[in-house]
Amino acid sequence: MFRRVGLQHCGYNLHMPKLVILDANSLLYRGFFAMRYLSTSDRTPTNAVFAFVMMLLTILEREKPDAIFAAFDHPTPTFRHKELASYKAQRKPIPDDLKPQRQPARDAAAAFNVPVIEVEGVEADDAVGTLAEIAKNEGFEVLIVTGDGDALQLVDDEQGPVKVMMMVKGVTDTVIYDEKAVRDRYGLDPSQIPDLKGIKGDASDNLPGVPGIGEKGASKLLGQYKTLEELIYHVDELPVKQRDALIAHTDGALLCKRLATILRDVPLGDIDLNDNYQETGPDFAAVRALFEKLEFHTLLRRLPGLEAAQRAKGGAAPPAALTTPVTRSQIEHSVPTNAAAIDAMLARFTAANAPVGIQLHFTPAKATLMDASLKGVGLAIDGAGAYVDWSNVSPALKAYLEDASKPKTVHDLKFAAGVLGRNGVELRGVTFDTHVAAYLLNAGRAGYPLRELAADFAGTELLFDEDDPESSVADEAAAIAALREPLMARLESDGLAQLLFDIELPLAVVLARIERTGVTVDGDILKEASKRLAELMAGLEAEIYAIAGEEFAIGSTKKLQEILFDKLKLPAGKKNKTGYSTGAEVLDDLAAKGHEIASKIVAWRELSKLKSTYADALPALINPETGKVHTSLNQTATSTGRLSSSNPNLQNIPIRTEVGREIRKAFIASPGCVLVSADYSQIELRLFAHMTHDPGLVQAFAADDDIHSRTARLIFKIPEGQPVTSDQRRQAKTINFAVIYGASAFRVSAELGVSQAVASELIKTYLASYPGVREYLEKILDDARAKGFVHTMLGRRRYVPEVNSTNYQFRQAAEREAANMPVQGTSADIIKLAMLKVDKALTDQKLAAKMVLQVHDELLFECPESEVRTLAALVKEGMESAFPLDVPLRVEAKSGRNWWEVTPLEDLDEVEFSPQS
DNA sequence: GCAGTCACG
DNA sequence: ACGTACGTGACTGCC
């Protein structure tokens, strides 16, 4: 009944120090092609050095080496040049854009305190081979990081071990080779790699090898004859074709082998292998300066995490990697297949009363909670795991998953709750989510894959083996269980635990339900709209072609540039990387000058956008089973704490223009139901009032004044009793938002169509009128500069390291982000609280109403017609009381048969619904 | 896979 | 003198 899967040896001795050797040359070369186009704002190419640094960071985070070196080619001739004049002459030259990236790569290594090996007359791969040889004899476990397959000859399980991490595609997508992996891939021992290369040749080096014998044939021959030399000796035993080919190319093959053979005894000078990298760590100031120079913004955001980890090691503590080595996480696990065995497993797991790591096994790999097909479930506690195929899941296991008193940890609760929900199991008792926890710790990361978290926070290397999903899923469950404590410790020390437990965790379950509920979209309405849009576009196209004097792809900005600025010689405005901009701003300008083609293109663009993004795309996303559209509400996507929506994005359905707004007619309620929408009125400005404590702002909201009119009175100095014109109000509104976004006078002047001097004066008057605002902004920035992060009222963080940048532009951008995040983020916190409160109230009051969407400051519901006013009153109350402030929060509720026609509901304060609070 | 554009709060 | 608002996601064209 229990199938034991023994503890697999992965060849790592836990007490062995670990050495990483980067073949910088090959990494730069591969990185150059893996990642095209990247450059700084002055067009200095940085793609290869970016890839190199990405790899370096990833290695440092994941592998935590005790020692690390980077080997570069020395620019003088090497034995290989002397060996064969035609060798490097024939070789494709180093791309022009790659050469100037070598020095920055050396600088990067230096900034990270990674010693550079660069010896005259020695190529990088020979330095790597020699260093690996020395290190393995010194008792190091060696990992060679490269993009060059030749390095596989250095792999050695016996002594060392020596492994090779190979770039496969992209930058951080890598495969680690041990001897078995080399054999699986090539059918050969590592030592035979040069022989293989000799026969196969190397196209990029212009070495033909033996034409007519490919990789397969070569591998087969070497399996039999072991070496190229032996094969040549027995050449007469080969089939005629192969024999003739080999005889003709004997010299070339031997030469090619020799060139592919990595030397292991070149002079490297003094090298200190015992320099413990974990104690030294990167020179963060130097790294930051370099990243700023190279404009690596995304990498800059990764630094705070790395720096904190480095600090946490402390000076007195033993080197972290020696006490907590990076180890393959492979646990002993059982695969119970019947009810009795599952019961026994559960008994074992729950006896300890420790949280159990739960990981779902599903296909396809990048499924959403609506389309994941559930295959099984992995469970693990410290030291023991299990995998249960979904077809074997017993009632007891289901009951366990639904038991709120049994503590569990998952990685992505929203997903797990949604998928299990679709499979008839209501997941309860999840008291930790590693995915969301990592997001709270650093919302700036691109993603939170379990593999990365395991490496970063638990020092374990997690590999998913497609051929052994049972063991892999059990390993993942174990990693999840193991991540809970270190993540929890970090959350506690950063003051983020409450945010996780009180908001994000319960919210995940609500979001899963919203996604599963879906929104009803009438595909026929959209298909009709698409037809009409096509007709309107065709009309405009004819007119545009007539003015242009030819037909062209209006959607191509390149072609459009040619037509407008070359052919028609219209005055060009702003420039961008590819030439003159054809953006709406520019076109509106041209239209204002009387160029009809511009306004027609603007109109065409609007229709084109509506047609492709909404009218055509949405019907295709209607789920055939549910008849609804199920967006993903991403919980870990934004750096401010907001949700985002994708596949489709339902948070950007048109509303601002009449024709765009028509799309909303297709968003309807289920049969017999209506839509109820409730949105916060000016929540960000109200929060701004609360957070700045500015008496003027606070009083305005306390008195329920129109804030924009009030601002207009102040900045235009309009006396009481005299009316504010609508234009003055509009301008004041712009300034109100501008201040929240930290905008410049330039932008305000463009927005308002006034001179920069006037705009600047308006902003000045604004800040003088609301003195609390300036004080607040100064305090936020001081705080950000001191701590490196800003936070919301509930403690949610955003790291903004660039507030201390010496580069004016980056610093300014970071300051705007820092100024805006507390407002945008607190607003996000508050609507999340409101969602929880309303969701609970719907359950408690046993309403049929369902929450179907969140759009940042708006919640959308559908409910039976009879429930409308009860629901609206309850939602309004819940949202307004979600988080008490010095100023009131106001919510307007509306209802309608579709999202287009929703109209305000009056006098909801009089509705009886026994509020909970 | 990037760049440009544009939909939303 | 510089460059010019916060946060998202989707689509088209082009390399």
Side-chain angles (χ1 to χ4, degrees), chain A residues 34-39 41 47 169-170 443 552-561 574-587 601-602 605-618 621 631-634 637-657 659-661 663-664 679-680 682-684 688 734-751 756 759 763 790 798 800 807-825 827-828 831 853-858:
Chain A
M35 169 137 211
R36 305 309 293 259
Y37 309 115
L38 191 69
S39 66
S41 40
N47 54 335
K169 65 165 200 242
F552 66 100
I554 305 171
S556 160
T557 50
K558 196 163 159 268
K559 301 258 167 55
L560 190 55
Q561 267 170 40
K574 279 196 313 189
K575 274 195 179 183
N576 57 31
K577 280 185 191 171
T578 56
Y580 289 106
S581 163
T582 65
E585 238 172 278
V586 174
L587 294 179
I601 291 165
V602 170
R605 282 230 182 113
E606 182 184 8
L607 302 181
S608 162
K609 181 86 171 181
L610 294 173
K611 181 169 184 297
S612 65
T613 307
Y614 306 103
D616 291 342
L618 285 172
L621 289 166
T631 185
S632 293
L633 290 169
N634 313 305
T638 72
S639 40
T640 57
R642 274 190 177 179
L643 300 177
S644 85
S645 161
S646 55
N647 299 307
N649 182 351
L650 294 186
Q651 289 180 324
N652 71 348
I653 302 303
I655 192 169
R656 292 175 188 171
T657 68
V659 48
R661 196 174 182 154
I663 297 289
R664 295 195 167 217
D679 67 297
Y680 280 113
Q682 291 154 352
I683 186 167
E684 291 197 354
F688 207 55
T734 299
I735 308 257
N736 272 329
F737 281 106
V739 172
I740 290 185
Y741 295 147
S744 61
F746 175 89
R747 177 65 192 251
V748 171
S749 79
E751 202 80 27
Q756 257 189 78
I763 294 173
V790 289
R798 174 178 188 175
V800 282
N807 179 311
Y808 175 81
Q809 225 179 303
F810 301 157
R811 192 172 64 244
Q812 290 279 307
E815 286 178 357
R816 290 192 297 266
E817 293 166 6
N820 177 259
M821 185 274 177
V823 181
Q824 187 180 124
S827 158
I831 195 161
L853 195 61
Q854 185 249 51
V855 192
H856 309 307
D857 66 354
E858 171 187 6

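C:dT4 and B:dG9 have their P atoms separated by 25 Å, with the value rounded to a whole Å. One P atom belongs to C:dG3, the other to B:dC6, and the distance between them is 23 Å to the nearest Å. Distance noted for atom P between B:dA7 and C:dC2: 32 Å (whole Å).
Whole-Å rounding puts the A:Leu633 CG to B:dG9 C1' distance at 14 Å. Atom CG in A:Leu650 sits about 11 Å away from atom C1' in B:dC8, given to the nearest Å. Computed from coordinates, the A:Leu853 CG to B:dC8 C1' distance equals 11 Å when rounded to whole Å. Here B:dG9 presents its C1' atom at 9 Å from CZ of A:Phe737, a figure rounded to the nearest Å. In this entry the distance linking CD of A:Gln809 with C1' of C:dA5 reads 14 Å, nearest Å.
In this structure, the side-chain hydrogen bond (donor to acceptor under 3.5 Å, both in side chains) partners of A:Lys611, at least two apart in sequence or on a different chain, are A:Asp616. In terms of the side-chain hydrogen bond (donor to acceptor under 3.5 Å, both in side chains) criterion, residue partners of A:Thr640 (sequence neighbours excluded) are, by chain and number, A:Gln824. Remark: A:Ser556 pairs with A:Ala553, A:Lys558, A:Lys559 by the side-chain contact (heavy atoms from CB on, under 4.5 Å) rule, at least two apart or across chains. Residues satisfying the side-chain hydrogen bond (donor to acceptor under 3.5 Å, both in side chains) test with A:Glu585, not counting sequence neighbours, are none. With sequence neighbours left out, A:Glu858 forms a side-chain contact (heavy atoms from CB on, under 4.5 Å) with A:Ser677, A:Asp679, A:Val855, A:Leu860, A:Trp899.
When the side-chain nitrogen and oxygen atoms of A:Thr557 are compared with OP1 and OP2 of C:dT12, none of them lie within a distance under 4.0 Å. For B:dG9, neither phosphate oxygen OP1 nor OP2 lies less than 4.0 angstrom from any side-chain nitrogen or oxygen of A:Arg642. Residue A:Ser827 places none of its side-chain N or O atoms closer than 4.0 Å to OP1 or OP2 of C:dC6. Residue A:Arg747 places at least one side-chain N or O closer than 4.0 Å to OP1 or OP2 of C:dA5. OP1 or OP2 of C:dG7 has at least one side-chain nitrogen or oxygen of A:Arg798 nearer than 4.0 Å. Side-chain nitrogen and oxygen atoms of A:Ser581 include at least one within less than 4.0 Å of the OP1 or OP2 phosphate oxygen of B:dT5. When the side-chain nitrogen and oxygen atoms of A:Asn647 are compared with OP1 and OP2 of C:dA10, one or more of them lie within a distance under 4.0 Å. Put simply, A:Lys574 has no side-chain N or O that comes within less than 4.0 Å of OP1 or OP2 on C:dT4.
The minimum heavy-atom distance linking A:Tyr614 with A:Asn652 is given by the pair OH-O, 2.6 Å.
In this structure, A:Ser608 reaches neither bases nor backbone, as no heavy-atom distance under 4.0 Å exists between it and the strands shown. A:Arg816 comes within 4.0 angstrom of the backbone, heavy atoms only, and of no base. Heavy atoms of A:Asp679 sit nowhere under 4.0 angstrom from any nucleic acid atom. No engagement by A:Ala828 is indicated, since no non-hydrogen atom pair under 4.0 Å with the nucleic acid exists. Across all strands shown, A:Ala745 has no heavy atoms under 4.0 Å from either base or sugar-phosphate atoms. Here A:Arg656 lies in heavy-atom contact (under 4.0 Å) with a base. Residue A:Ile655 is classed as a sugar-phosphate contact, given heavy-atom separations below 4.0 Å to backbone atoms only.
At a cut-off of 3.5 angstrom, counting only N and O atoms as typed in the model, there is a donor on one side and an acceptor on the other between the side-chain of A:Gln824 and the base of C:dC6. In the interface, the side chain of A:Glu751 is paired with the base of C:dA5 through a donor and an acceptor atom under 3.5 Å apart. Not a single donor-acceptor pair, N or O on each side, falls under 3.5 Å between the base of C:dT8 and the side chain of A:Ser644.
Proximity note for A:Ser556 (side chain, C-beta onward) versus C:dA5, C:dA10, C:dG13: the nearest is C:dG13. Among C:dC6, C:dC2, B:dA7, the nucleotide with an atom closest to any side-chain atom of A:Tyr808 is C:dC2. Ranking C:dT8, B:dT5, B:dG9 by closeness to the A:Val855 side chain, first place goes to B:dG9. Distances from the side chain of A:Phe746 to the nucleotides B:dA7, C:dG7, C:dT4 place C:dT4 closest. For A:Glu817, whose side chain is taken as the heavy atoms from C-beta onward, the closest listed nucleotide among C:dG7, B:dA7, B:dT5 is C:dG7. When distances are taken from the side chain of A:Asn649 to each of C:dC14, C:dG9, C:dT4, the shortest belongs to C:dG9. Candidate nucleotides C:dC11, B:dC6, C:dT4 were compared by shortest atom distance to the side chain of A:Lys609, and B:dC6 ranks first.
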Worksheet entry | Paired and unpaired positions of DNA chain C as dot-bracket, Watson-Crick or G-U wobble under 3.5 Å, | denoting a partner strand | .....|||||||||.
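Here the side chains of A:Leu587 and A:Arg605 are in contact, with some heavy-atom distance below 4.5 Å. Within the 4.5 Å cutoff, the side chain of A:Asn647 has no heavy atoms near those of the A:Leu621 side chain.
Under the side chain to side chain donor-acceptor pair (under 3.5 Å) rule, A:Ser644 has a single partner from A:Thr638, A:Asn649, A:Asn634, which is A:Asn634.
In this structure, a donor-acceptor pair under 3.5 Å is absent between the side chains of A:Asp857 and A:Ser827.
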